[in-house]
Chemist: 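Structure incoming, see below.
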Amino acid sequence: METEIVANSLANTEAMDHTRMAYDLAHDYVKFADGDVEEDLFSFQKFGNYWDYNDITTWKMIKRHIAEVQPRSVLDIGCGAGSWSLRIAQDFPEVEVTGIDYSSGQIGRALELMKNYNFDHRVRFDVADAMGLPFDDNEFDMTICLHDVLNHIPDYEAATREIMRVTSKLNITSVHGLYGPSTFFIRSKESITTYEKDGNVVRFEDEDGEDYEVYFKRFSSDELKEGFADHGEVIDCLGIDIFCYKSLDGHEMDYASMFPHFDKLERNCCRNLPFIDFAKHIMIVSRPLNGSGASF
């Protein structure tokens, strides 16, 4: 039994290392992740494809809760190329934003992207591990951890504990749900030559012959809520993109005209099971015990 635990631990560590290596090389990330940061970092008005619904909805939730909580400091955990950090800095000039990521390559891209804007030193980026955040207890009023960050962390319980430890008022976390895609980023979207999934490990080879084993776990809403309830109070849980991606993927149509109809469906169903677990992303809003934040 002890040998099996050690072997699983080593496998998880290797998967995390491969994840970091893949993201270090993912130069196309800034072109297609979290909205198009090169063309539309701040507006979210393009409605260019069925991926937009998730970004638009996520941004609405972030803006709503920042307005309610009025944080002075925000930590973006798994910030990638820094798009969400920079959006917060742009719309909330009173907020100081720190972005951290396990990948030094992505932090390098975030620092490059930040050069395009003048935020008066209100934004900083650094390499750090979500399972051992280098910050004091309650150091940040608000934390965000978006999209597939927790999906890639084998000991996600340690990450949720760390997230809530450094949060004084409110956290927003989203993950890929049970039926969401296995998202990962490498050199480019076209560079994968082989692909297979074995349990929570995605194995693939890129065009240069590099082999990767990336950890990717899908969450149910109950599992995600339980993970955060151990360290705080869950005040909201919703599915994001229940219908839009599945309905529009592969179809040629006027996305802008379709979005209002899907938005109405989404708002009617996003907090009800089983719809939450069929969403592309599941979002949790939580606060430390005795913390701030709106109740639902």
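When reading the values below, keep in mind they use all heavy atoms of this one structure, side chains included, and skip hydrogens, waters and symmetry mates. Everything quoted here is computed from the prediction, not taken from an experiment.
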Chemist: With sequence neighbours excluded, what pairs up with E112 under the side-chain contact (heavy atoms from CB on, under 4.5 Å) test?
Modeler: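 With sequence neighbours excluded, E112 shows a side-chain contact (heavy atoms from CB on, under 4.5 Å) to K115, given in chain and number order.
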Chemist: Tell me whether the NZ or CZ atom of K217 lies within the 45° cone about the ring axis of F219 and under 6.0 Å from its centre.
Modeler: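 Relative to the ring axis of F219, which defines the angle, K217 lies inside both limits.
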Chemist: Who passes side-chain contact (heavy atoms from CB on, under 4.5 Å) against D263, sequence neighbours left out?
Modeler: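 Applying side-chain contact (heavy atoms from CB on, under 4.5 Å) to D263 gives Y53, R267.
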Chemist: Mind running side chain to side chain contact (heavy atoms under 4.5 Å, CB included) on L289 and H231 for me, showing each step along the way?
Modeler: CA-CA 8 Å; L289 298 178; H231 311 293; over 6 Å; no
Chemist: Which residues pass the ring-ring contact (aromatic ring centres under 6.0 Å, His included) test with F92, not counting sequence neighbours?
Modeler: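 Once residues adjacent in sequence are excluded, F92 has no partner under the ring-ring contact (aromatic ring centres under 6.0 Å, His included) criterion.
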Chemist: Name all residues meeting the side-chain contact (heavy atoms from CB on, under 4.5 Å) criterion together with V149; count only those two or more places apart in sequence or in a different chain, and write none if there are none.
Modeler: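 Scan of V149 (side-chain contact (heavy atoms from CB on, under 4.5 Å), adjacent residues dropped) gives C145, I153.
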Chemist: Quick one: CZ on R124 to CZ on R122, what's the gap to the nearest 0.5 Å?
Modeler: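 Taking CZ in R124 and CZ in R122, the distance rounds to 14.0 Å.
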Chemist: Using side-chain contact (heavy atoms from CB on, under 4.5 Å) as the criterion, list what pairs up with C269, not counting sequence neighbours.
Modeler: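 Residues passing side-chain contact (heavy atoms from CB on, under 4.5 Å) with C269: I242, F243, F275.
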Chemist: Can you find a pair of side-chain heavy atoms, one from V175 and one from L146, that are under 4.5 Å apart?
Modeler: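 Of all side-chain heavy-atom pairs linking L146 with V175, none is under 4.5 Å.
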Chemist: For V127 and S104, work out which heavy atoms get closest and say how close.
Modeler: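 So the two residues come closest at CG2-CA, 3.7 Å.
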Chemist: For a quick check under 3.5 Å, do S220 and D277 share a side-chain donor-acceptor pair by atom type?
Modeler: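 Note: S220 and D277 side chains miss the donor-acceptor criterion.
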Chemist: Taking only distance into account, with no hydrogens and no angle test, what donor-acceptor pairs under 3.5 Å do side-chain atoms of residues 132-140 form with protein atoms, sequence neighbours excluded?
Modeler:
{"unit_1": "D137", "atom_1": "OD1", "unit_2": "R165", "atom_2": "NH1", "d": "2.8"}
{"unit_1": "E139", "atom_1": "OE1", "unit_2": "D136", "atom_2": "N", "d": "2.7"}

Chemist: Parallel, tilted or perpendicular: which describes the rings of F216 and H152, with under 30° parallel and over 60° perpendicular?
Modeler: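 F216 and H152: perpendicular rings.
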Chemist: With sequence neighbours excluded, tell me which residues meet side chain to side chain donor-acceptor pair (under 3.5 Å) with K60.
Modeler: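 Per chain and number, K60 pairs via side chain to side chain donor-acceptor pair (under 3.5 Å) with no residue.
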Chemist: Do E233 and R287 sit within salt-bridge range, that is, some charged N less than 4.0 Å from a carboxylate O?
Modeler: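 A salt bridge links E233 with R287.
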Chemist: So, N151 side chain and H176 main chain: donor-acceptor pair closer than 3.5 Å or not?
Modeler: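 Yes; judged by distance alone, with no hydrogens or angles, the pair exists.
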Chemist: Before accepting this row, confirm whether a basic side-chain N of the pair D230/R161 lies closer than 4.0 Å to the acidic partner's carboxylate O.
Modeler: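 No, D230 and R161 are not salt-bridged.
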Chemist: Output all residues satisfying salt bridge (charged side-chain N to carboxylate O under 4.0 Å, His left out) with D222, sequence neighbours left out; order by chain, then residue number.
Modeler: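 Salt bridge (charged side-chain N to carboxylate O under 4.0 Å, His left out) check on D222 returns K225.
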Chemist: Considering residues at least two apart in sequence or located in another chain, which fulfil the side chain to side chain donor-acceptor pair (under 3.5 Å) criterion with T143?
Modeler: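 With neighbours one apart ignored, the set is T167, N171.
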Chemist: Test side chain to side chain contact (heavy atoms under 4.5 Å, CB included) on I172 and M142 and set out the steps.
Modeler: CA-CA 8 Å; I172 299 175; M142 185 171 171; 3.5 Å; yes
Chemist: Excluding sequence neighbours, so at least two apart, what forms salt bridge (charged side-chain N to carboxylate O under 4.0 Å, His left out) with E157?
Modeler: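 Listed in chain order: nothing, the list is empty.
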Chemist: List the residues meeting side chain to side chain donor-acceptor pair (under 3.5 Å) with D76, not counting sequence neighbours, and say none if there are none.
Modeler: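 Checked D76 against side chain to side chain donor-acceptor pair (under 3.5 Å); matches are S85.
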